[in-house]
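A quick write-up on the structure given underneath.
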Amino acid sequence: MSDLTKLTLKAALDGLKARDFSSEEITRAFVANIDAANPRLNAYVVQTTDKALEMARASDARLAKGEGGPLEGAPLGIKDLFCTDGVQTTAGSNMLRGFVPPYESTVTSNLWADGAVMLGKLNMDEFAMGSSNETSAFGPVVNPWKSSASNADLTPGGSSGGSASAVAGDLCLAATASDTGGSIRQPAAFTGTVGMKPTYGRASRFGMVAFASSLDQAGPIAKTVEDAAILLRSMCSFDPKDSTSLDVEAPDWTQSLGKGAKGLRIGIPKEYVVDGMPAEQMDLWEKGKAWLRDAGAEIVDISLPHTRYALPAYYIIAPAEASSNLARYDGMRFGHRADKASSLTDLYETSRAEGFGKEVQRRLTIGAYVLSAGFYDAYYVRALKVRRRIAMDFDAVWDKVDAILTPSTPSAAFAIGDKQVDPLQMYLNDIFTVTANLAGLPGISVPAGLDKGGLPLGLQVIGKALDEATVFQVADVLEQSAGFTARPEKWW
Amino acid sequence: MTENTKLIHGRTGPWEIVMGLEIHAQVASKAKLFSGAAVGFGAGPNEQVSLVDAGFPGMLPVLNKFCVEQAVRTGLGLNAQINRRSQFDRKNYFYPDLPTGYQISQLYHPIVGEGVVEVEAEDGAFFNVGIERLHLEQDAGKLIHDLSPTESYVDLNRAGTALMEIVSRPDIRSPEEAVAYVKKIRTILIYLGTCDGDMEKGNLRADVNVSVCREGQYAKYKATGDFSHLGTRCEIKNVNSFRFISQAINYEARRQIEILEDGGKVIQETRLYDPTAGETRSMRSKEEAMDYRYFPDPDLLPLEIEQAWIDEIKANLPELPDAKRRRLMADYGLSQYDAVVLISEQAKADYFEAAAKGRDAKLVANWVTNELSARLAANDLDFDQSPVPAAHVAQLVELIETNVISSKIAKEVFDHVWNGEGSPAEVVEKHGLKQVTDTGAIEKAVDEIIAANPDKAAAVAEKPQAIGWFVGQVMKATGGKANPAAVNDILKAKLGL
Amino acid sequence: MAIDAATVRRVAHLARIKTPEDRLEPLAAELNGILAWIEQLNEVDVAGVEPMTSNVHQPLHLRDDVVTDGGKRDDVLSNAPRAADGFFVVPKVVE
């Protein structure tokens, strides 16, 4: 048997169903990969090997009887943002080191109900605040890719850096991730993987550690568009425990694949360009247009005039929500409590100063500031109005186009430590992805080419709310046309 | 107007008190506002807590429909505007009884808007109190300080329980008015069944905003709506009895007047009433967090209520105290005083109506509001727990009306009935308490008493009111059963009056 | 709306994050950098635009008034830094 860990999720599911190999075999293969790679890549913060093998054997028993769900026996990695019953969940923070939830998130419950196997919990930026995984209390994740120009360790992006690295490095078949401003799509672009953020409300937020409630959305990082479509369907469900959950069915999105682009109108927003964007990224965007045109699509130039205001609006809205969402980490009922404190107030302040990292503290401070008396209207309410302007930009083009094509990120993966000095430089990573969060739209990043250093670059497809079908259809055309087969050379 | 009685006279002249109240009424629901944990009293610590209430990571609120309905019912009962679109906001502050670090409340778009409540003052006059809003919000947990000298214990059973906060306009002008207003709101809530009104358990409590101003300033505020005419207010938190409300206001108004008369300034702050010391004191712990950073809760969507639902709730409202008061006065010819006393409790009014059918309503009202009320209160019973059924009071009154017993004997009959000896008719029969209307027997007794007291009989001619002594003697001789009217008539004839 | 050290101190306290005195100035500079960048939002014409708090356009679903949760004290206390006799235990609170 060839290396099982290099299979796509789809191929693995077919192999498991055909009993070409057992879930226990493929699970053990991934465990071996993780054991070997994790000391270097640092993708997993917790390995649940015993649990994985137990789940795998249960899957094998079901498969032997010809039973099993859509993900039966498939070993997956879980971003450490999803609460897992009896398994430490930290959201990458010292604040939650040792926290063991007595409950399971809806998304992961859905996966286990469909037969998936949990390999462990994946590293991430602390509370999903970061674009390079450097804010994790467990240390940065390392990208399996290296630039031909340097031997420096690269970031896999963030905040779902562990998920992206694990998928790219064959440490799981696919992974769950979450996206508040680009945290699925940017790491997918940096690691040559596919990352899909569905329409806000498709996947339940119940049991997902909150960063910014009105923006957070779960989705998959996978090796192919088809794998992302399979995993996304299992993750999504209407959940009465989440008041923002959409009461809609999750269709079989694999039905959208292989249909070409005939009759589709693809919008090209002129605003999705930034200074200093590498020529390869611009070229790739051009190639994307050509591939879609060749597949029968009509390319339409559009304008989304408020695009440049999306990131500043996001950096008010997300920290504001976070400052409130993270108030529960106070050392009283769970999480880190300082050893020494002179008073109750001192205990709060010391516990939170010790428990939260620098970037989280920075955002909580901004959040408290923009909501505070005298600034609420000037900052927060204004940002919400700008947010609506951005959503209206999209609404205005949907009668002209069926989907929008943009670059996923302004650049390929950068070296660990490169953008730590200036937070603004780091924030700019999300410039092309954050609009979809603000407007609640589905967006996918598909690997489509390499930069001059041989690092992967992604193209993003944004669709109408609840029209993941078209997004997958277009992504499939890009994937097929690009013929992206590059894989990181194993150095770890 | 009774304006002058509301003045407080300080060293430098008269002052007026102005108050607005925030009443927190616990919704009579089975489960909490945003979680499925039980609402209740007396469970072990943290037994009625869901992980949502405890603010665990990833836990989300889901709104209880019944609580929304109760807020709408209450709004309708307060003659208030129901807002078909409202929104939940987060009020952010850190406190160990607040697990998420924010309270879900409604600041910007409350479920109920402006309304008005008619309140009866002690002197029988009515005054109106404007309702500014009613909103739904979560209660906090409870801190227990006496289990350890160095630590506080936290019980979250109450955390997340649904409260209706009813905010009044600053239309309340004296401690008495404040108490009357709270009583009125409590009565309306109990009639509506939206809150049990149990103040001892803290299910109904009030925050009192007190300010003082010079005489005449309130009228200026009323004329212009400009709050700058009023003084700086202090909020006295969580006062949970009528007596304490009155005491706290009196103390606080005096305190503020003293500060002002000494040339000082009242600082806007939150204060706590300490019933043992009889004073209010500053709650510095709450002061630190005055900047609550309210913003719309992103875990919840705007609450939209269909007009049809509001109409349905409206159609099913019970008769409310004001309507009942008017009807009792119109249908039974009761005085306002009696009507007000009867409607103060729904069960009392129901009891009255059950007993009053076809009887002398005034007499029934007297029995219900005096004898029975006193007896029930002494035994800590409510009207719906009365050992004496309404039919028995009706029968008792019928016996009085038909001269079978006198009012005086009726009290004795009532005692026996209360003790479970049967209906009034059975008691009268069993104890031989029927009124003596046989004039022969009465005449005999009268003759004997006059004969035994010739001097007194003579004196009556000079002092006709002394006849009372003879009436007493005759009643005594007949064991109280003589018909008082007959005794009077015969005595007058025999004494030549 | 430049932030000074005093503002940082106040806001850090609102957020309950202990911030040493020598960090106040650098933090103020950092936050000013971010806020200056955010200021560009003032260029957007937002007249008559409703603030957008959510992407979801469906009615808020309501649940029935049924007790479905609670009675899990051990779970509730399972991660507590300190608990005793069924309570969470915190430093003495002075009200």
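To find a chain, count down the sequence lines: A is the first, B the second, and so on, and within it residues start at 1. Not measured: the values here are computed from a predicted model. Below, each value reflects all heavy atoms present in this structure, side chains not excepted, and no hydrogens, waters or symmetry copies.
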- Please flag which part of Lys241(A) lies under 4.5 Å from any non-hydrogen atom of chain C: side chain, backbone, both or neither. neither
- Task: Sort Ser323(A) into side chain, backbone, both or neither according to what part of it lies under 4.5 angstrom from a heavy atom of chain C.
- Result: neither
- So what's closer than 4.5 Å to chain C heavy atoms on Leu246(A): side chain, backbone, both or neither? both
- Query: Side chain, backbone, both or neither: which part of Val8(C) has a non-hydrogen atom closer than 4.5 Å to chain A?
  - Reply: neither
- Message: Below 4.5 Å, heavy-atom pairs only: which of Glu30(C), Arg10(C), Arg82(C) has the largest tally toward chain A?
- Response: Glu30(C)
- Item | Residue, of Val76(C), Val89(C), Ile17(C), that accumulates the most heavy atom pairs under 4.5 Å with chain A | Ile17(C)
- Note on the structure: So, the part of Tyr103(A) with a heavy atom under 4.5 Å from chain C: the answer is neither
- Message: Could you check whether Glu468(A) pairs with Arg202(A) (Lys NZ or Arg NE/NH1/NH2 to Asp/Glu carboxylate O, under 4.0 Å)?
- Response: yes
- Donor-acceptor pair between Asp242(A) and Thr244(A) side chains, under 3.5 angstrom: yes
- Against chain C, label Leu215(A) side chain, backbone, both or neither, depending on which of its atoms sit under 4.5 Å from a heavy atom there. neither
- Task: Among the options Gln40(C), Gln58(C), Met52(C), Lys18(C), pick out the one with the most heavy-atom pairs lying under 4.5 Å from chain A.
- Result: Met52(C)
- Task: Would you check if the distance from the ring center of Tyr380(A) to the ring center of Phe375(A) is below 6.0 Å?
- Result: no
- Tell me, out of Thr19(C), Ile34(C), Leu31(C), Leu27(C), who's got the most heavy-atom pairs with chain A below 4.5 Å. Ile34(C)
- Look at the rings of Phe356(A) and Tyr329(A) and say which category their plane angle falls in: under 30° parallel, 30 to 60° tilted, over 60° perpendicular. perpendicular
- Give a yes or no on whether Glu43(C) atom CD has more than 12 heavy-atom contacts from other residues, nucleotides or ligands under 6.0 Å away. yes
- Task: Run the ring-centre check on Phe99(A) versus Phe334(A) and record whether the distance is less than 6.0 Å.
- Result: yes
- Message: What's the separation between atom CG in Asp239(A) and atom OG1 in Thr106(A), rounded to the nearest 0.5 Å?
- Response: 3.5 Å
- Item | Interface moiety of Asp377(A) toward chain C, non-hydrogen atoms closer than 4.5 Å | neither
- Item | Max heavy-atom pair count under 4.5 Å with chain A, selected residue of Leu62(C), Asp75(C), Val44(C), Asp45(C) | Val44(C)
- Given a strict heavy-atom distance threshold of 4.5 Å, which part of Asp247(A) is in contact with chain C: side chain, backbone, both, or neither? both
- Note on the structure: The interface call for His336(A) against chain C, heavy-atom contacts under 4.5 Å, is neither
- Checking heavy atoms, do the side chain of Leu424(A), its backbone, both or neither come under 4.5 Å from chain C? side chain
- Query: Using the ring of each side chain (for Trp, its six-membered ring), is Trp398(A) parallel, tilted or perpendicular to Phe394(A), with breaks at 30° and 60°?
  - Reply: parallel
- Query: Can you find a heavy atom in the side chain of Lys340(A) that is under 4.5 Å from one in the side chain of Asp346(A)?
  - Reply: no
- Query: Given the options Ala15(C), Ala80(C), Pro81(C), which has more heavy-atom pairs under 4.5 Å with chain A than any of the others?
  - Reply: Pro81(C)
